[in-house]
> 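Starting off with a structure, shown below.
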Amino acid sequence: MARIGLIREGKIPADNRVALTPSQAQYLQQQYPQVTIVVEPSPDRCFSDDEYRRAGITLTSELNDCDILLGIKEIPISQLIPDKTYLFFSHTKKEQPFNRGLMQAMVKKKITLIDYECLVHPDGQRLIGFGFFAGIVGAHNGIMAYGKRTGLFELGRVSDIKDYRELIHTYFGLKLPPLKVAVTGSGRVAHGILEIMNLMDIQEVEPDEFLHQSFPYPVYVHLKGADLYRHKIEGTYRRQHFHEHADEYECLFEPYTRAADILMNGIYWDEKIPRLFSMESMLHPEFKMFTIADITDDKNGSVPCNLGDATTEDPVYGVDKNTIEKTAPYLSNSVDVMAVGNLPNELPRDASRYFGEQLMKYVIGDILGGGSETIERATILHQGQLTTDFLYLEEYAYGTSA
């Protein structure tokens, strides 16, 4: 018998997404008679306690007898239960300093941590995540911000919409001006952005056309690896080599800063990957991008003027081009930045359904079946000890807290 618990999100502000919806939890119990799923009550979850109860799922605050605990965001240290197996987004694989204490607490409590972010195919492609709906919401917010800056059209908030289906209907009467959007990335986030480009009737054009032509209607260009990066010596792009030796590459995005009205950024970034542009680029008289939706949201990352998270309630801030300080948005000498860490929260029920379907398809069966190579690759800690692929975290996990 296996007992799976859905935990109440404890991080503040509380996330309202969930790993399994009531109908998904019900389905799993039907498909796996040896499995019992329980749910910790929560006033914030996008599916109510009563919806789980009606689906035949037990609600309880007692999770000590669970074998596996499923969450979404980082778990407060005080809520960790020793000797348990947890699945959540820990945000520790890059040695994020703000979660060092969490990592060391999990070591001390002999926790097994399977990180959703590390569930990947052998080639490194992510198996599950909320990226598609981050792209949906982020692209909407980017277009909304451009409308507020220019006054040329008005677009409401995603959070005021019931669900994704209703959101689509709001685009039917939307007529956008002739604007240019640069979309970067090739993963789930980029797919979500492209979904909104198509729903808003923004037409795709080729990079050369985007850079050198004007259009009487809105257009976008989709820039992926070879469009964005080139080896400094060989002048080529090879995906695997780039991910292993990103510091040997240069970024080719600079010309787009003088052609695009809006940047929709959906690329993965780490410190070895060159940034899309520099702070100095923003001072160029032909710099045109006054609206930037940094949907993958890395502070001081691929978008250097990302100065940190905005909030779901107030998702856009300005960055003064001269002082590089935060300002109110929509000022004449500022660039508007939309950078929110939990964008899918604006469509939580749809995002949770999407995530849960992937979790059931790729993960739950393997865990209940005793594991797999995929699960092993995603296990950062096993009973409080770093696994082989994550030994580079040794000082971070075992060292003295800073």
Side-chain angles (χ1 to χ4, degrees), residues 4-11 13-29 31-32 35 37-40 42 44-48 51-52 55 57 68-75 85-91 93 113-121 125-140 158-159 161-165 167 185 187-193 195-196 266 268 295-297 312 340-368 374-375 377-378:
I4 299 175
L6 299 185
I7 65 173
R8 177 175 62 244
E9 294 297 310
K11 187 175 180 179
D15 200 290
N16 56 7
R17 293 169 292 173
V18 68
L20 294 170
T21 70
S23 60
Q24 290 166 348
Q26 182 184 56
Y27 174 82
L28 281 173
Q29 287 196 147
Q31 293 298 307
Y32 297 94
V35 172
I37 297 177
V38 299
V39 176
E40 188 176 14
S42 169
D44 302 305
R45 195 179 285 127
C46 62
F47 291 93
S48 69
E51 286 178 281
Y52 283 98
I57 307 301
I68 300 165
L69 295 169
L70 305 179
I72 300 296
K73 286 294 191 74
E74 301 98 313
I75 299 170
T85 294
Y86 279 91
L87 281 79
F88 62 97
F89 290 104
S90 73
H91 298 116
K93 63 175 275 188
L113 169 64
I114 301 171
D115 194 311
Y116 296 134
E117 188 178 358
C118 301
L119 289 162
V120 297
H121 292 289
Q125 186 69 29
R126 290 269 297 272
L127 276 169
I128 68 174
F130 290 95
F132 179 75
F133 279 95
I136 293 286
V137 177
H140 176 102
V158 175
S159 55
I161 303 298
K162 177 183 177 183
D163 55 25
Y164 182 47
R165 181 179 298 179
L167 180 67
R188 286 191 176 89
V189 171
H191 293 162
I193 298 170
E195 179 88 352
I196 294 300
Y268 172 84
I295 298 166
T296 44
D297 188 24
T312 299
V340 177
N342 56 350
L343 287 166
N345 268 25
E346 295 197 48
L347 285 173
R349 291 173 72 93
D350 295 278
S352 295
R353 289 190 190 98
Y354 178 78
F355 183 84
E357 286 172 7
Q358 297 169 82
L359 192 64
M360 293 192 298
K361 186 188 304 184
Y362 295 115
V363 180
I364 297 293
D366 282 354
I367 290 178
L368 295 176
T374 299
I375 300 301
R377 285 195 299 269

> Give me the ring orientation class for Phe89 and Phe355: parallel if the planes are under 30° apart, tilted from 30 to 60°, perpendicular past 60°.
tilted
> Out of Lys73, Glu74, Glu117, which residue meets the side chain to side chain donor-acceptor pair (under 3.5 Å) rule with His91?
Glu74
> Closer than 3.5 angstrom, by distance alone: can the side chain of Asp297 be matched with the main-chain N or O of Gly341 as a donor-acceptor pair?
yes
> Output yes when Asp163 and Arg165 qualify as a salt bridge under the 4.0 Å nitrogen-oxygen rule, no when they do not.
no
> Is the backbone N or O of Glu40 less than 3.5 Å from a side-chain atom of Arg45, with the two atoms forming a donor-acceptor pair by type?
yes
> How long is the span from the CD atom in Glu357 to the CG atom in Leu20, to the nearest 0.5 Å?
11.0 Å
> Sub-3.5 Å donor-acceptor pair from the side chain of Thr85 to the main-chain atoms of Ile68, do we have one?
no
> Okay, side chain of Arg188, backbone of Phe133: is any donor-acceptor separation there less than 3.5 Å?
no
> Does Tyr354 offer a backbone N or O that forms a donor-acceptor pair with the side chain of Gln358 under 3.5 Å?
yes
> Should we say atom OH of Tyr27 is surrounded by more than 12 heavy atoms from elsewhere, each under 6.0 Å from it?
no
> Is it true that a side-chain atom of Glu51 and a backbone atom of Ser48 form a donor plus acceptor pair closer than 3.5 Å?
yes
> Report the distance from atom CD1 of Ile75 to atom CG of Leu69, rounding to the nearest 0.5 Å.
7.0 Å
> What's the separation between atom OH in Tyr52 and atom CG in Leu6, rounded to the nearest 0.5 Å?
5.5 Å
> Would you compute the distance between atom CG of Leu167 and atom OG of Ser159 and round it to the nearest 0.5 angstrom?
10.5 Å
> Verify, without hydrogens or angle tests, whether Glu9 (side chain) and Ile72 (backbone) share a donor-acceptor contact under 3.5 angstrom.
yes
> Looking at Leu87, is its backbone amide N or carbonyl O close enough to the side chain of Tyr116 to form a donor-acceptor pair, meaning the two atoms are under 3.5 Å apart?
yes
